[in-house]
Amino acid sequence: MQVNDIHPLRPDTEEFIHIQERLAKQIDVSRPLRLEDLRTVAGVDLAYAGEGDSETGFCHIAVFDTATMRVMERAGAVGEIDMPYNPGFLTFRELPLIVEAAGKLETVPDLFLFDGNGILHPRRMGIASHASFFLGKPAVGVAKTYFRIAETEYKEPGWEKGSYTDITVGRETLGRAVRTSAGVKPVFVSPGNGIDLDSATDLVLSLTGPESRLSIPVREADISTRRMRREWEKEQK
DNA sequence: GCGACAG
DNA sequence: ATCTTGTCGC
């Protein structure tokens with residue numbers, strides 16, 4: 001698929017906040033989207049090997065056919081990671097490999113699911129929101145742990161599957177703590193761009209199986225990413 | 001200065 | 001994210 005060239009993939013650190021604030025103004029989280037409207041959804045994730053100045057990243061994108069929930073295409077990218085992890089700036093660390101992998105896809109997925117947040121971010125620009133501009137497609141963020149921003153807090157959702165609570169800042173609801181499976185820790189869902197919160201929540205719940213609290217596409221990408229690393233390490237005599 | 005901190 | 005064995009529980 002063709003990826004949009006929104007800005008340099010490795011901008012100077014001083015430009016990070018400016019870029020995020022500029023793109024944040026263009027986010028649209030008012031659009032309802034149902035699973036039935038989507039023919040394909042893609043899960044994106046990365047794994048890492050090494051540390052410090054010799055880090056290697058492994059990105060994998062798994063595209064699912066929503067009618068059969070079978071993987072219909074995969075694409076990956078491996079490369080050096082120069083940017084260290086910094087809360088609030090995850091995008092700049094992972095975007096280069098995501099863009100490279102997406103560019104190899106023949107299919108243009110109708111929506112992307114990310115391991116991380118969407119607008120549940122200090123400047124409303126988590127990785128799902130940011131990447132959506134490059135991908136030109138709706139995106140949803142599903143984080144495994146809570147990213148507390150400003151004075152945000154959330155109440156623990158009920159223990160039954162499908163239960164959720166809102167994560168709100170002032171009068172604005174940025175995301176939800178969602179119990180995707182009974183009795184397990186909740187995941188944190190937030191729309192990235194091109195989709196509203198209700199739709200994002202429904203989508204994640206619909207795409208979550210009994211094997212994991214994560215949605216199937218993200219879990220598949222997560223597993224694949226470690227397989228990539230395993231095979232890469234095997235070739236590194 | 002201290003604590004918090006998506007992946 | 002990653003480093004890691006056994007172990008508590010359904």
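What's counted below: heavy atoms across the whole structure, side chains too, no hydrogens, waters or symmetry copies. Below, chains carry the letters A, B, ... as their sequence lines are ordered, and counting in each starts from 1. Not measured: the values here are computed from a predicted model.
Counting non-hydrogen atoms under 4.0 angstrom, A:Tyr85 reaches a base of the nucleic acid. Across all strands shown, A:Ala49 has no heavy atoms under 4.0 Å from either base or sugar-phosphate atoms. Backbone-only contact: A:Asp115 has heavy atoms under 4.0 Å from sugar-phosphate atoms and none from a base. Base contact: A:Phe89 has a heavy atom under 4.0 Å from a base atom. Nucleic acid contact class of A:Gly141 (heavy atoms, under 4.0 Å, all strands): none. Here A:Leu120 lies out of heavy-atom contact (under 4.0 Å) with every strand.
Rounding to whole angstrom units, CG of residue A:Leu90 and C1' of B:dG7 are separated by 5 Å. One atom, CG of A:Leu95, and another, P of B:dG7, lie 17 Å apart when rounded to the nearest Å. Whole-Å rounding puts the A:His121 NE2 to B:dG7 P distance at 13 Å. The distance between atom CZ of A:Phe147 and atom P of B:dG7, rounded to the nearest whole Å, is 10 Å. Atom CG of A:Asn86 and atom C1' of C:dA1 are 14 Å apart (whole Å). With rounding to whole Å, A:Lys144 atom NZ is found 15 Å from B:dC5 atom C1'. As rounded to whole Å, 10 Å separates atom P of B:dA4 from atom CZ of A:Arg148. The CD atom of A:Glu55 sits 10 Å away from the P atom of C:dT2 (whole-angstrom rounding).
Phosphate proximity of B:dA6 to A:Tyr146: absent, as no side-chain N or O sits under 4.0 Å from OP1 or OP2. Between A:Arg93 and C:dA1 there is no side-chain polar atom (N or O) within less than 4.0 angstrom of OP1 or OP2. For A:Thr145 and B:dG7, the shortest distance from a side-chain N or O to OP1 or OP2 is below 4.0 Å.
Considering only the side chain of A:Ala47, C:dT2 comes nearest among C:dT2, B:dG7, B:dA6. Of the candidates B:dA6, B:dC5, C:dT2, the closest approach to any side-chain atom of A:Asn117 belongs to B:dA6. Among C:dT2, B:dC5, B:dG7, the nucleotide with an atom closest to any side-chain atom of A:Asp45 is B:dG7.
Using a 3.5 Å distance cut-off with no hydrogens or angles, the side chains of A:Glu94 and A:Tyr85 do not pair a donor with an acceptor.
Residues A:Arg176 and A:Asp198 are paired through a salt bridge, judged by an N-O separation under 4.0 Å between the basic side chain and the carboxylate.
Closest approach of A:Phe133 and A:Leu23 over heavy atoms only: CZ-O, 3.4 Å.
Counting heavy atoms of neighbouring residues, nucleotides and ligands inside a 6.0 Å radius, atom CD of A:Gln2 does not exceed 12 of them. The environment of CD in A:Glu156 is crowded: more than 12 heavy-atom neighbours from other residues, nucleotides or ligands sit within 6.0 Å.
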